Amino acid sequence: MASPDTHHSVLRQVFGYDSFRGRQQEIIEHVMGGGDALVLMPTGGGKSLCYQIPALLRAGTAVVISPLISLMQDQVQALREVGVRAAFLNSTLTPEDSRAIELGVTEGRYDLLYVAPERLATDGFLELLDRTPIALFAIDEAHCVSQWGHDFRPEYRQLDLLHRRFPEVPRIALTATADGPTRREVLEHLDLPDAGLFVSGFDRPNIRYEVVAKTNGRRQLLKFIHGRHHGESGIVYCMSRKKVERTAELLAAEGVAALPYHAGMTKEARTEHQQRFIREDGLVMVATIAFGMGIDKPDVRFVAHLDLPKSVEAYYQETGRAGRDGLPADAWMTYGYGDAAFIRQMVERSDAPAERKRIEQLKLNALLGYCETVECRRAVLLRTFGEEPPDACGNCDTCETPVESWDGTVAAQKALSNVYRTGERFGAAYLADVLIGSDDARIARNGHGGISTYGIGDELDRKGWMSVYRQLVAGGMLRVDPEHGGLSLTDTARPTLRGEQTVRLRRDPIPTRATPKRARGDSLEGVLESSLDRELFEALRAVRLATARARRVPPYVIFHDRTLIEMALERPATPEALSTLSGVGRKKLERYGDIFLRVIAEHG
Ligand code: ADP
Ligand code: ZN
C-alpha cells in the first residue's frame, strides 16, 4: 500500500501537483509506515500535504487538531473542492450539525476530520474516537503547546493523552516556529520522544526583502503599491488604530482598494473585512498586528510595514504571510529616525524585571540591526533562526543595490559631542540643525549659536545628520528620554568620543524615482507583462471570481494564480492538456475544466 507510486498518484490526481517539495515525501513515507513525526517547515512550505496524503492512503479517519477555527472551514472547503471527504467539528456548528458529523465519523464517511483542541479532550469526543478507526493524528500549529511562545493554548497541554489512549496511531506535529526551546517543549508536552524530526530550512526564497529610509511613510507606501503591486492583494501593518484608519483612507482615496482592520472595530466589521480580503481579488488590508493569525490566503503579494514590528521573529512571521503560493512577493518596510527613537524609548520606559528587560533589549537590538544592516537582509534574518545562509541572496535591497558604508568616526564624534554641548536634552532634528548652523530662532534663544559644535557639520545636510543620529540611536550610543524624546549619551559612546573606536555608518541609498532595478519576470507584474497575454489572464481571473462567488468559496480555492498563469502561457485546448498543469487534479478538471477551456478558446 505504501509504495511510492501510490502517494505520487495521489499528489497528481487529487492535488494536481507533479512533484513533492522539500522533505514532503520523506515525511509522508515515515507517517505511512506508522512513525510519529515533528515537522518544522516555514509558512507556505507545504505542511498540509504531509498529513493529508497519508490520511487518504491509510485506513480510517485522520483527526487534525487545529487551533484556528476560521482556518478549519477554509481547509475543509479546499479539500472538498479536490474531492476529499473532509469535515470539521467546532463551536461554530449547531448541535444538530455536530451530531450529523459525529454520526458520519462513526460510519467512516470522512478521510479527514478537523477539530479544535478543547473539543478533542472531551469525554464524548474521545469515546467517539474509541469507536472509530483512526488513520493518524495531525497536531497543527504544535508550538501552541509552548507556554513561552506568543500563541500558548492551555488545551494543547492535554494532547499527550493521545499517546496513552491511542498508542498505535501515528502522530504528526507541525509548526513553523523553529527555535530550540519551542521544539523541546513540543516533543516533551506532546509526549513524542521517538518522533522523527523533519526540519526544513526557513528561507522563503520568493520573498524579496527591502527596508527604505523613511521620508513620508504613507506616500512611499502609495508609490510602492502603484509601482509594483497595482491591483494585487497585500497587507499593510501599522502600529496604531488611528494610523490604520488614516492609511486605509489615503489608499482608498488614491485608487487602491483598501480596508482597515483593528481591535477597535466591531467584531462584525472585522469579520466582514477579513472575509472580503479572502474572497475578493486584489484587496489591501491595512491592519494592526491583530490581523493575520489564521489567514491562509496564498496570493498575498506583499506585506508592508509602516511601523517597526515587535521583534525579528514577529517580522518574519508577519512577512511570511506573503507569497505562500511560491510566486514572487515583497516584504517592504519604511524605517526612520522616529522609529528607532520610539523603540528605544519603549525599552527605557519598560518597568519589566531586569532579566526580562535585558531580553527585550537584545530583541530590539536585533531588530534595529536588521534595519541598519549593510549585509544581505535574508542572511541577517536566517541567522536569527540559527541557519548559516550564503552571504548574498540576490533578492533583497542590499544585495541588489549594495549599501555603501563610510568611515563615520568623525561625524559620530561631532554628533555625540553636539549632544553633550547642548546639555543632553534635545531631539535629533534640533541637533542636526545646530550642526549645520541653521538660523532657527530656537537655537539663538537657547544660546546654542555660539557653542563649539554650531555649524561644524557642513559635510552633511540635515537629512544626512538625521541618518547619523538614527544610526547612533539604533547602535545604542544614544539613549532616548522616555518622556520628551531628548537624546543623552550612554557608556558605549565614550570610546568614540575619546577617539578610541572607529564607527562605520551606512549611506542610505538615495531613492530612485522608478522601482528598483530588478529583472523583469522577477515580480508577478513582470511575469505578466513580459510573457503572457494579460487579457487572457484577466479573463481567467474573472471566471474564477464568478465561479468562486457561485460556490461561496475564495477564488484561490478554485485555482491558484499559478494555475491561471500556466493556463495563459500554455493555452491548453483539451482536458488532457489542462490536466497536466500544476493544481489541476481529477476533480477540478471534471468540475471546472470546460469553463476555463472555453475562456482559453475564446481568446485564441
Ligand atoms: P503551510 O501549511 O506549510 O503554510 P500549505 O500546506 O498551506 O503550507 O502549502 C502552501 C501552498 O503550497 C499551498 O497552496 C499548497 O497547495 C502548495 N503546495 C504544497 N505542496 C506542494 C507541491 N508538492 N507542489 C506544488 N504546490 C504545493
Ligand atoms: Zn540578499
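What you see below is based on every heavy atom in this structure, not just the backbone, and it leaves out hydrogens, waters and symmetry mates. Order of appearance sets the numbers: ligands from 1, and atoms from 1 within every ligand. The model shown is predicted, which means the values in this text are computed figures rather than measured ones.
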Exercise. With under 30° as parallel and over 60° as perpendicular, where do the rings of F198 and H30 fit, or are they tilted in between?
Worked result: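 Judged by the thresholds at 30° and 60°, the geometry between F198 and H30 is perpendicular.
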Between [Y] and [X], does any NZ, NE, NH1 or NH2 come within less than 4.0 Å of an OD or OE carboxylate oxygen?
| X | Y | result |
| --- | --- | --- |
| R208 | E210 | yes |
| R544 | D561 | yes |
| D508 | K214 | no |
| R153 | E141 | no |
| R23 | E29 | no |
| E400 | R377 | no |

Problem set entry | Within the protein, residues bringing a heavy atom under 4.0 Å of ligand 1, chain by chain |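 Its neighbours under 4.0 Å (heavy atoms only) are Y17, S19, F20, R21, Q24, P42, T43, G44, G45, G46, K47, S48, L49, R324, H560, given by chain and number.
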Exercise. For Y592, which of V543, I558, L578 qualifies under side-chain contact (heavy atoms from CB on, under 4.5 Å)?
Worked result: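 Testing each of V543, I558, L578 against Y592, the sole residue satisfying side-chain contact (heavy atoms from CB on, under 4.5 Å) is I558.
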Problem set entry | Under 2.8 Å from the Zn ion (ligand 2) - protein N/O/S, by chain and number |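 Short answer, with waters excluded from the count: C376 SG, C393 SG, C396 SG, C399 SG.
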Problem set entry | Stepwise salt bridge (Lys or Arg N to Asp or Glu O under 4.0 Å) test for E185 and R157 | CA-CA 10 Å; E185 274 197 280; R157 284 293 171 93; 3.2 Å; yes
